[in-house]
2 protein chains.
Amino acid sequence: MESTGPQSPAGLRTTPSWLLNQTASHAARLISEGFAAHELRGYHYRLLAALAESGPASQADLGRRCGIDRSDVVAAINDLAGRGLVVRAPDRADRRRNVISLTEAGADEGRRMAETVERVQQDLLAPLTAAERDQLTRLLTRLLEHHSRT
Amino acid sequence: MESTGPQSPAGLRTTPSWLLNQTASHAARLISEGFAAHELRGYHYRLLAALAESGPASQADLGRRCGIDRSDVVAAINDLAGRGLVVRAPDRADRRRNVISLTEAGADEGRRMAETVERVQQDLLAPLTAAERDQLTRLLTRLLEHHSRT
DNA sequence: GTGTTACGTTGGCCTCACCAACGTTGGCAA
DNA sequence: TTGCCAACGTTGGTGAGGCCAACGTAACAC
């Protein structure tokens with residue numbers, strides 16, 4: 001890793017947006033290393049998780065639920081379908097839509113990826129106590145909430 | 001914007017690495033919108049800041065100090081030099097190196113960008129009290145420190 | 001001197017995120 | 001019913017940040 005290895009201009013080292021960026025990119029690295037074992041990426045996981053959680057949906061719906069652009073959903077679903085983790089079927093009630101559903105294999109893979117994600121959280125938060133982890137989670141959640149109802 | 005607009009699989013909404021990612025990407029959006037007015041990007045700012053802070057340096061050094069790959073430093077310095085914000089001169093003491101120095105205009109632009117960054121922090125942290133901002137900063141710093149001396 | 005290391009540079013690749021455009025299909029209103 | 005607009009899936013392109021491999025040149029250690 002590295003990357004952040006050295007230091008970065010000292011002025012930035014205490015800038016919240018910078019800290020956020022650095023920790024997030026560290027987290028992203030850990031996640032993506034974890035996902036590499038599954039030969040899948042973030043988009044795939046988000047889609048599998050959404051399907052596991054709320055059941056079959058159209059691509060547009062999935063995109064909205066996961067915050068992924070329609071066009072990117074197409075590619076990710078192509079990958080997942082190509083590996084048999086997901087099935088794409090025309091919606092007979094509305095022929096504009098495809099209904100995407102999890103297969104058994106897809107549900108399994110989703111669970112395995114969730115475990116990977118769990119492990120990464122432990123790694124990432126290792127230096128913090130449970131109370132501190134909570135605190136961090138709460139602070140971030142508040143930031144997010146504030147900025148999403150803008 | 002957007003993007004996170006809707007919700008994302010509920011399971012992820014409480015996952016720290018996800019929260020980190022979302023807040024960081026929100027912050028990055030604000031920053032990059034701010035930088036757009038300067039017609040520069042993150043890499044440029046980091047380089048200007050490093051130069052302002054520690055004086056002239058070789059490209060390799062800058063790269064190490066900013067956590068930017070050598071090859072990406074080349075391009076960013078090209079941009080900065082093309083706009084007269086920075087000067088690239090051969091190092092007569094070591095002919096492998098180029099010495100990069102800030103110009104007056106570069107130092108000015110750096111200061112203006114720093115102000116932009118300041119404003120963005122206020123925006124970003126608006127919902128938090130001063131104590132909470134501190135707390136967040138401390139938590140993130142600890143995470144970063146822990147993971148960087150791995 | 002000879003081999004190793006550092007430097008700048010070119011060119012490529014990946015992920016995530018967006019946007020524009022197109023043809024198709026549904027729904028709604030005139 | 002027709003005509004229009006909105007939504008859907010798809011293609012293709014863009015941009016930012018971050019990496020890696022390779023090359024020629026220059027410095028350095030042995």
Side-chain angles (χ1 to χ4, degrees), chain A residues 1-6 8 17-18 20-22 24-36 39-47 57-64 66-79 81 88-100, chain B residues 1-6 8 17-18 20-22 24-36 39-47 57-64 66-79 81 88-100:
Chain A
M1 122 101 29
E2 118 68 31
S3 29
T4 246
S8 45
S17 68
W18 173 260
L20 233 19
N21 227 320
Q22 292 304 106
S25 90
H26 189 79
R29 180 184 313 279
L30 292 176
I31 286 282
S32 102
E33 284 168 4
F35 285 175
E39 292 185 299
L40 290 171
R41 292 158 301 133
Y43 278 4
H44 302 124
Y45 176 60
R46 288 197 233 169
L47 292 169
S58 72
Q59 298 182 192
D61 250 48
L62 284 172
R64 279 185 292 262
C66 301
I68 301 179
D69 190 272
R70 300 192 336 261
S71 59
D72 298 320
V73 171
V74 174
I77 293 293
N78 283 345
D79 296 343
R88 187 194 254 125
D91 183 342
R92 287 210 292 310
D94 181 345
R95 287 182 307 172
R96 293 171 303 178
R97 289 183 163 94
N98 291 333
V99 177
I100 310 298
Chain B
M1 149 328 242
E2 107 334 40
S3 14
T4 247
S8 45
S17 67
W18 173 259
L20 232 20
N21 225 323
Q22 292 303 106
S25 90
H26 189 78
R29 180 183 310 280
L30 293 176
I31 287 282
S32 101
E33 284 168 4
F35 284 174
E39 291 183 299
L40 290 172
R41 291 160 301 134
Y43 278 5
H44 302 123
Y45 176 60
R46 290 197 231 168
L47 292 168
S58 72
Q59 297 181 192
D61 250 48
L62 284 172
R64 279 185 293 262
C66 301
I68 301 179
D69 190 89
R70 289 172 14 239
S71 60
D72 298 320
V73 171
V74 174
I77 293 293
N78 282 345
D79 296 343
R88 186 193 255 126
D91 183 341
R92 286 212 291 314
D94 182 344
R95 287 182 306 173
R96 294 171 301 178
R97 289 182 164 93
N98 291 333
V99 177
I100 310 298

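When reading the values below, keep in mind they use all heavy atoms of this one structure, side chains included, and skip hydrogens, waters and symmetry mates. Please read these numbers as outputs of a predicted model, since none were measured by experiment. Letters go in sequence order (proteins before strands), and every chain restarts at 1.
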Passes side-chain contact (heavy atoms from CB on, under 4.5 Å), A:Arg46 versus A:Leu62? Steps please. CA-CA 9 Å; A:Arg46 288 197 233 169; A:Leu62 284 172; over 6 Å; no
For B:Ser58, side chain to side chain contact (heavy atoms under 4.5 Å, CB included) partners two or more places apart: B:Ala60, B:Asp61, B:Arg97
Rounded interatomic separation in angstrom, taking CG from B:Asn21 and C1' from D:dA16: 15 Å
Euclidean distance, atom CZ of residue B:Arg97 to atom C1' of D:dC28 [Å, nearest integer]: 12 Å
Give every pair of a protein N or O atom and an N or O atom of nucleotides 19-23 of chain C that lie under 3.5 Å apart, one pair per line with the distance.
| from | atom 1 | to | atom 2 | distance (Å) |
| --- | --- | --- | --- | --- |
| C:dC19 | N4 | A:Asp69 | OD1 | 3.4 |
| C:dC19 | N4 | A:Ser71 | OG | 2.6 |

Please state how far atom CD in B:Glu39 lies from atom C1' in D:dA16, giving the value in whole angstrom units. 16 Å
Distance from A:Gln59 atom CD to A:Asn98 atom CG, nearest 0.5 Å? 5.0 Å
Would you mind reading off the distance between B:Leu40 atom CG and D:dG17 atom C1', rounded to a whole angstrom? 16 Å
Output all residues satisfying side chain to side chain contact (heavy atoms under 4.5 Å, CB included) with A:Ala28, sequence neighbours left out; order by chain, then residue number. B:Asn21
Could you list the donor-acceptor pairs under 3.5 angstrom formed between side-chain atoms of residues 66-75 of chain A and any protein atom two or more places apart in sequence or on another chain?
| from | atom 1 | to | atom 2 | distance (Å) |
| --- | --- | --- | --- | --- |
| A:Asp69 | OD1 | A:Ser71 | N | 2.9 |
| A:Asp69 | OD1 | A:Ser71 | OG | 2.6 |

B:Ala24 versus A:Leu20, closest heavy-atom pair with distance: CB-O, 3.6 Å
Interatomic distance where CG belongs to A:Asn98 and P belongs to D:dT11 [whole Å]: 11 Å
Please enumerate all protein N or O atoms sitting under 3.5 Å from an N or O of nucleotides 25-29 of chain C, with distances to 0.1 Å.
| from | atom 1 | to | atom 2 | distance (Å) |
| --- | --- | --- | --- | --- |
| C:dG26 | OP1 | A:Arg95 | N | 2.7 |
| C:dG26 | OP1 | A:Arg95 | NE | 3.2 |
| C:dG26 | OP2 | A:Arg95 | NH2 | 3.2 |
| C:dG26 | O4' | A:Arg96 | NE | 3.4 |

Quick one: CG on A:Leu30 to OG on A:Ser25, what's the gap to the nearest 0.5 Å? 9.5 Å
Contacts of B:Arg88 and A:Gly42 projected onto DNA chain C by closest heavy atom; the upstream (5') one is B:Arg88
With rounding to the nearest 0.5 angstrom, report the CD1 to NE2 distance, B:Ile77 to B:His44. 8.5 Å
note: A:Asn78, atom CG; D:dT11, atom C1'; distance rounded to Å ~ 11 Å
List in chain and number order the residues that pass ring-ring contact (aromatic ring centres under 6.0 Å, His included) with B:Tyr43, two or more places apart in sequence or in another chain; answer none if no residue qualifies. none
Just to be sure I understand the rule, does A:Ser58 reach a base, reach only the sugar-phosphate, or reach nothing, if contact means heavy atoms closer than 4.0 Å? sugar-phosphate
Can you tell me the distance, in whole Å, between the CD atom of B:Glu33 and the P atom of D:dG15? 17 Å
Rounding to a whole Å, what distance do you find between B:Arg41:CZ and C:dA17:P? 19 Å
